[in-house]
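Below is one structure; the comments refer to it alone.
In this chain, residues are counted from 1 in sequence order. First listed ligand is number 1; within each ligand, the first listed atom is number 1.
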Amino acid sequence: MKEKISIGLLGLGTVGSGVVKLIQNHQERLVHQVGCPVNIKKVLIRDTDKKRDVEIDDTVLTQDANDVIHDADVDVIVEVMGGVEEARTYIIDALKARKHVVTANKDLIALYGSELEEIASRNGCDLLYEASVAGGIPVLGGLADGLGSDHITTVMGIVNGTTNYILTKMDQEGLSYDTALRNAQELGFAEADPTADVEGLDAARKMTILARLAFSMDIDLEDVVVKGISKVTKTDLQYGKMLGYTMKLIGFADRDEDGAEISVQPAFLPESHPLASVQNEFNAVYVYGQAVGETMFYGPGAGSMPTATAVVSDVVKVLKNMRLGVNGRNAILPQFEKKLKQSDEKYAKYYIGLHVKEKVGALAEITQLFAANNVSFEKILQLPLKGEELAEIIIVTHRAAQGDFDVIFQQLNDLDVVTELKSCYRVEGASQS
Ligand code: NAP
Ligand code: HSE
């Protein structure tokens, strides 16, 4: 039994500072849990002149990663520096040096999680990354441990705080997309370059990690179909509301006997769906298991202290494993061969907005195209467009094969009566009809 546990920290930014504060402020709780004090031995930073908002001895700071990774006293490396290639190199070095690793790095785990799990397992080390998805919400542990005995069929998540904040503010306060994005940047949820947030890539990385765990398949980032929110308009949200829907950027992972499908896209949810009430920068992950039924994980998906909570809880897990001598046995290796659904095996329900010419038979022509491709309507709304000889038609379909929708979307623009296919969103979480 060691007298003291030493942590090596790679990064002292938003999350790293939170980790230092949590370890300093919750030391008594940590000693109770792991049986000895936990101290931060070395910290990698880039800029020695930067003012830090944590109390930390200057002698602990270094610009050389080797000082952290190869310090003989360091038991656990906590990687909170971000980026991909450098972080990957350091983590591989650490695992080969038989140091356990905790990381918050979703970009890295989405791309190289399987490779790193395998290296960790081979070296008898733990590799934990709870903070990489939904910040402070213990959803990975919830899936791997809490629901580990079940067969998970669906994971639906609001896993990007920036886009949820933007959509909430556009919907409830009528803010423009640009103003809402600027506010999210000022409040610190958005990445330095918010493209990955608004174009859905950040959520896709998180859904890759969630789907891998939920379905026990080696899902890759490129298996996720991704569409962001940058084209969503206030009008879309208003029409959705008239039909009883709320728009969210939804990460959707679903599987049945035909295979799995994973996507991230702006989608309408019925207002009664549990995810519809998740507001602002909050995250939530809805999980359906065959035995447990519906469950939902909810909380802060980002921020210094929430994310640090997940990181330090992973450190505690590693230390408990050290006391029991069972490190390196919890690698999450896939059980099933990856099987993805083809377009004709996917089913969906759509909200479609069209601008059409105001003329007799226009609606009949549109209806015929849908009927010829086996798609029927659940709801339809027609509104005149002021000052133009056009009407806006909003259609909500019943569920139908994606392949049939693909044909309809191709042919709609060829119809003489349709001047523009204005919007097209999936409707998720509604009844199966
Ligand atoms: P951050 O504020 O930009 O901090 C990064 C830290 O790493 C800084 O201290 C920086 O040093 C250091 N660093 C970066 N590259 C370095 C290099 N090449 N050499 C030496 N030091 C380097 O980032 P963050 O927001 O804390 O995010 C860290 C990780 O957590 C990322 O993977 C992120 O995706 C993940 N994450 C963040 C959140 C969140 O709410 N922020 C939530 C979940 C997950 P200097 O301070 O000297 O510049
Ligand atoms: N930019 C991310 C978000 C931070 O908005 O959710 C947390 O991963």
Side-chain angles (χ1 to χ4, degrees), residues 8-21 42-54 56 58 61-69 78-91 101-112 129-137 139-140 157-168 180-181 183-185 187-207 209 228-229 249 251 264 278 280-285 299-311 314:
L9 203 54
L10 303 177
L12 189 60
T14 307
V15 182
S17 303
V19 168
V20 173
K21 285 180 199 161
K42 281 276 170 209
V43 181
L44 176 71
I45 50 154
R46 192 169 30 194
D47 179 357
T48 45
D49 295 331
K50 203 188 250 183
K51 186 154 171 25
R52 308 282 160 188
D53 74 337
V54 281
I56 194 151
D58 275 356
L61 305 181
T62 174
Q63 289 173 299
D64 182 351
N66 287 317
D67 292 345
V68 185
I69 296 166
V78 171
E79 185 275 304
V80 281
M81 57 185 271
V84 175
E85 285 312 326
E86 221 173 338
R88 176 179 172 225
T89 304
Y90 294 159
I91 288 180
V101 174
V102 171
T103 175
N105 195 329
K106 62 223 161 182
D107 309 26
L108 176 70
I109 295 298
L111 284 174
Y112 296 110
Y129 43 87
E130 179 64 70
S132 67
V133 178
I137 312 173
V139 63
L140 300 188
I158 295 174
V159 288
N160 180 269
T162 302
T163 45
N164 203 44
Y165 177 88
I166 294 171
L167 291 173
T168 305
L181 171 58
N183 290 358
Q185 285 176 293
L187 288 164
F189 319 129
E191 305 293 317
D193 172 0
T195 314
D197 291 305
V198 297
E199 295 306 343
L201 181 59
D202 177 76
R205 290 170 177 145
K206 293 165 181 167
M207 288 310 296
I209 300 169
I229 65 157
L249 182 74
V264 168
V278 177
N280 297 317
E281 72 275 22
F282 275 81
N283 280 196
V285 181
S304 180
M305 296 316 288
T307 310
T309 308
V311 171
D314 270 352

What closest approach, in Å, do Val68 and Leu44 show between heavy atoms, and which atom pair accounts for it?
-> CG2-N, 3.9 Å

Is any side-chain heavy atom of Glu130 closer than 4.5 Å to a side-chain heavy atom of Val139?
-> yes

Walk me through it: do Lys106 and Glu191 pass the test salt bridge (Lys or Arg N to Asp or Glu O under 4.0 Å)?
-> CA-CA 12 Å; Lys106 62 223 161 182; Glu191 305 293 317; 3.2 Å; yes

Under 3.5 Å donor-acceptor, Asn105 side chain and Ser132 backbone = no

Side-chain donor/acceptor of Asn164 to backbone N/O of Val278, under 3.5 Å | yes

Apply side chain to side chain donor-acceptor pair (under 3.5 Å) to the pair Asp64 and Thr62, showing each step before the final yes or no.
-> CA-CA 5 Å; Asp64 182 351; Thr62 174; 5.7 Å; no

Assess whether side chain to side chain donor-acceptor pair (under 3.5 Å) is satisfied between Glu85 and Tyr112, documenting all intermediate values.
-> CA-CA 10 Å; Glu85 285 312 326; Tyr112 296 110; 3.2 Å; yes

Close residues (non-hydrogen atom under 4.0 angstrom from ligand 2) work out to Lys106, Asn160, Gly161, Thr162, Phe189, Glu191, Asp197, Asp202, Lys206, Gly301, Ala302

So, Asn283 side chain and Pro300 main chain: donor-acceptor pair closer than 3.5 Å or not?
-> no

Below 4.5 Å, heavy atoms only, C-beta onward: do Leu187 and Tyr165 meet side chain to side chain?
-> yes

Contact residues of ligand 1 with a heavy-atom cut-off of under 4.0 Å?
-> Gly11, Leu12, Gly13, Thr14, Val15, Leu44, Ile45, Arg46, Asp47, Lys50, Arg52, Val80, Met81, Gly82, Glu86, Ala104, Asn105, Lys106, Ala131, Ala302, Gly303, Thr307

